[in-house]
Amino acid sequence: MNLTSEQKMLVETVRRFVENEMLPLEDEIEETGRLAPEKARALFEKASANGMYAMNIPEEFGGGGLSAVDTMLVEEQFGHAKDILIRRAFGNVYEVLLKCNEAQRERWLLPTVRGERTCSIAITEPNAGSDAAAIKTRAVPDGKGGWKITGGKHFISDGEFSDFFVVSVVTDASAGAKGISLFLVDKGTPGFIIGRDQKMMGLTGTSHVELAFDEVPVGPENLLGGEGQGFKLILETLGRVRLAQVCARAVGKSVRLLNLMVSYAQERKQFGKPIGDFQMIQQMIADSVVEINASRLLVLDAASDIDNGIDARDKIAMAKFYVSEVLGRVADRAVQVYGGMGYCADLPIERMYRDARIYRIFDGTSEIHRTVVARSAMKHGEALYGTL
Amino acid sequence: MKVLVPVKRVADYNVKVRPKSDGSGVELANVKMSMNPFDEIAVEEAVRLKEAGVASEVIAVSCGIAACQETLRTALAMGADRAILVETDAELQSLAVAKLLKVVADKEGAQLVICGKQAIDDDANQTAQMLAALLDWGQATYASKLSVADGTIEVTREVDGGLETLALALPAVVSADLRLNEPRYATLPNIMKAKKKPLDTLKAAELGVDVAPRVATLSVYTPPERKGGIKVGSVAELVHKLKDDTRVL
Ligand SMILES: Cc1cc2nc3c(=O)[nH]c(=O)nc-3n(C[C@H](O)[C@H](O)[C@H](O)COP(=O)(O)OP(=O)(O)OC[C@H]3O[C@@H](n4cnc5c(N)ncnc54)[C@H](O)[C@@H]3O)c2cc1C
């Protein structure tokens, strides 16, 4: 990949910010289980002052206006850091908010781009994960042009911190996926309860909460996109989020792990020589190098399609499972190259190994994305993987 | 007041450099290159003078190969107004750079040149001093504080005994030390704007300056690994070690 001089500068600047301002906070998060609010605030202010908050959102709404390709380049750099640090420094300003109509913008989109409000996406339910169209949370008309929402969600990332939620809800139970709508629900709405933090294997510092809705009143002003448009909006807009927040960040994590492996292979001596002289260690390094480069190409190729207005869903599915599985392999090799030190919590590898595991699960499991790719191959044939 | 800031493209400070296998220099192929960190401090200081309304224009200048444009773009993204590349493929030593900078300083009518105190590649620490001599301007090296008022600048410099404050009449040359400031991150809008700022190229060969190297490098090699220290049991043994074993005394 030949980057332009702006892209290089962008990548270097973000990397420097991540290394100087963010990585030093990681040990404390791991030890205390949280990012201290005053540190989160300071981090946000510094990133925001440098124009690094909400870089993915068009300039007309106050964002950085990066193309999809540039977004992926910076997201890869974000990926070096822990999830919670990325959220606070650079924002989770999901593109689905761009579907806000003019009246909704002031209340939800613009303050989110400015970092005054934060938002979570709430789709998954205890009984509807991979099968996201099988959700049971429903909105019943209140007879006055509004609805009352009842149901529950779980695993909602950053839910403790968020001021509002984009919630998928059934508005027409007879219409299947076409009966699902998205609502913007503010924290504090009567009947809306933000439940307990569900402890995870990794991602220390980020909350993942249960949500309960008990006849939560919402009006037409809370409806994002049209009624019954929810599933379509999710499919249209969450692909880019997935490519950025899961795929590109996973590449960054793999790069950080490989950097650590490469330097340890040269420093650590056993049997009188650096372990990097042993071919079995070299194989782990070589495989990681190639898989990481292949990962990035998949991500940037999909992003380039997005920039050119081409439907990138199949490519995003390819990237999603390949890149997250590469991260899994690289993390596993990093532990192996470091031996006992890789398993020991004194070094970041142990926590990165735990953090890596979720990448194959959230935002669609590897199995689901493989199914998408295989079905597309059978439908489109060589168009999916050839050059004709 | 126009401020000129020379910036040098050097191996990034994170890179572990190695000598070339033939000992002719440092291996720079496939090495990440960045702006010399002391020059970043110089750019930051110049941009602050501009922001304070003291400087009218900040001009970044780099001498060397075409790739130095990247270093200049970084200076532009940090806030320099425009940039000049004095392009040459020739090896440039400090004196040659000082001569080229003199031409640019004269041509631009610069009142103040802020250099990094040294470049982290050769650590020569002499370009600013040579430039001041060639221009016949006052100089203040290792600045840790700088303020400008009414045609005079006041520079606090870190010297062995503590801090020394100098007052200089403009025009002058200042070299920046580590504690002068903490350079900013280039902001996203400035990175995007950097491309639109003017970057002019002068051919070094056309400036009528003799840039031929004056110093020859005989060989470059890794320093021998340091041996561990020893503990001595008595003063007598210490004196013996210093006198007879190491011949320090
Ligand atoms: C840390 C974390 C953060 C999350 N953040 C959010 C969030 O912010 N918002 C949100 O809405 N959700 C979030 N989720 C939910 C996440 O997206 C789901 O966990 C994920 O989609 C999988 O759903 P599930 O857990 O119900 O697994 P299930 O769907 O029950 O899957 C179980 C297993 O069956 C396999 N399987 C299922 N269907 C098929 C099939 N058709 N073919 C083959 N295999 C199949 C799966 O691949 C998996 O291996 C988060 C989850 C976690 C753990």
Write out, in numerical order, the residues from residues 62-88 of chain A with a heavy atom short of 4.5 Å from a heavy atom in chain B.
A/Gly64, A/Leu66, A/Asp70
With a 4.5 angstrom heavy-atom cut-off, which part of A/Gln266 approaches chain B: side chain, backbone, both or neither?
side chain
Over 12 foreign heavy atoms within 6.0 Å of CD, A/Glu116
yes
Which heavy atom in B/Pro189 sits nearest to a heavy atom in A/Gly51, and how many Å separate them?
CD-CA, 4.3 Å
Nearest 0.5 Å please: distance from the OG atom of B/Ser34 over to the NZ atom of A/Lys8.
11.0 Å
When you look at NZ of B/Lys145, are more than 12 heavy atoms from neighbouring residues, nucleotides or ligands closer to it than 6.0 Å?
no
Any chance you could measure A/Asn50, atom CG, to B/Leu188, atom CG, to the nearest 0.5 Å?
9.5 Å
Among B/Lys16, B/Arg184, B/Glu40, who wins on heavy-atom pairs under 4.5 Å with chain A?
B/Glu40
Answer yes or no: does atom NZ of A/Lys269 have more than 12 heavy-atom neighbours from other residues, nucleotides or ligands under 6.0 Å?
no
Using a cut-off of 6.0 Å, state whether more than 12 heavy atoms not belonging to A/Gln283 lie near its atom CD.
no
Below 4.5 Å, heavy atoms only, C-beta onward: do B/Tyr185 and A/Asn20 meet side chain to side chain?
yes
Region of A/Glu12 in contact with chain B, defined by heavy-atom distances below 4.5 Å:
side chain
Taking atom NZ as the centre, does A/Lys39 end up with more than 12 heavy-atom neighbours from other residues, nucleotides or ligands that are less than 6.0 angstrom away?
no
So, for B/Ile191 and A/Thr13, which heavy atoms are closest and what is the spacing to 0.1 Å?
CD1-OG1, 3.7 Å
I'd like to know whether CD of A/Glu38 has more than 12 heavy-atom contacts from other residues, nucleotides or ligands below 6.0 angstrom.
yes
How about B/Lys32: does its NZ atom have over 12 heavy atoms from other parts shown lying under 6.0 Å from it?
yes
Name the one of B/Lys195, B/Arg73, B/Met78, B/Met192 that satisfies side-chain contact (heavy atoms from CB on, under 4.5 Å) with A/Met9?
B/Arg73
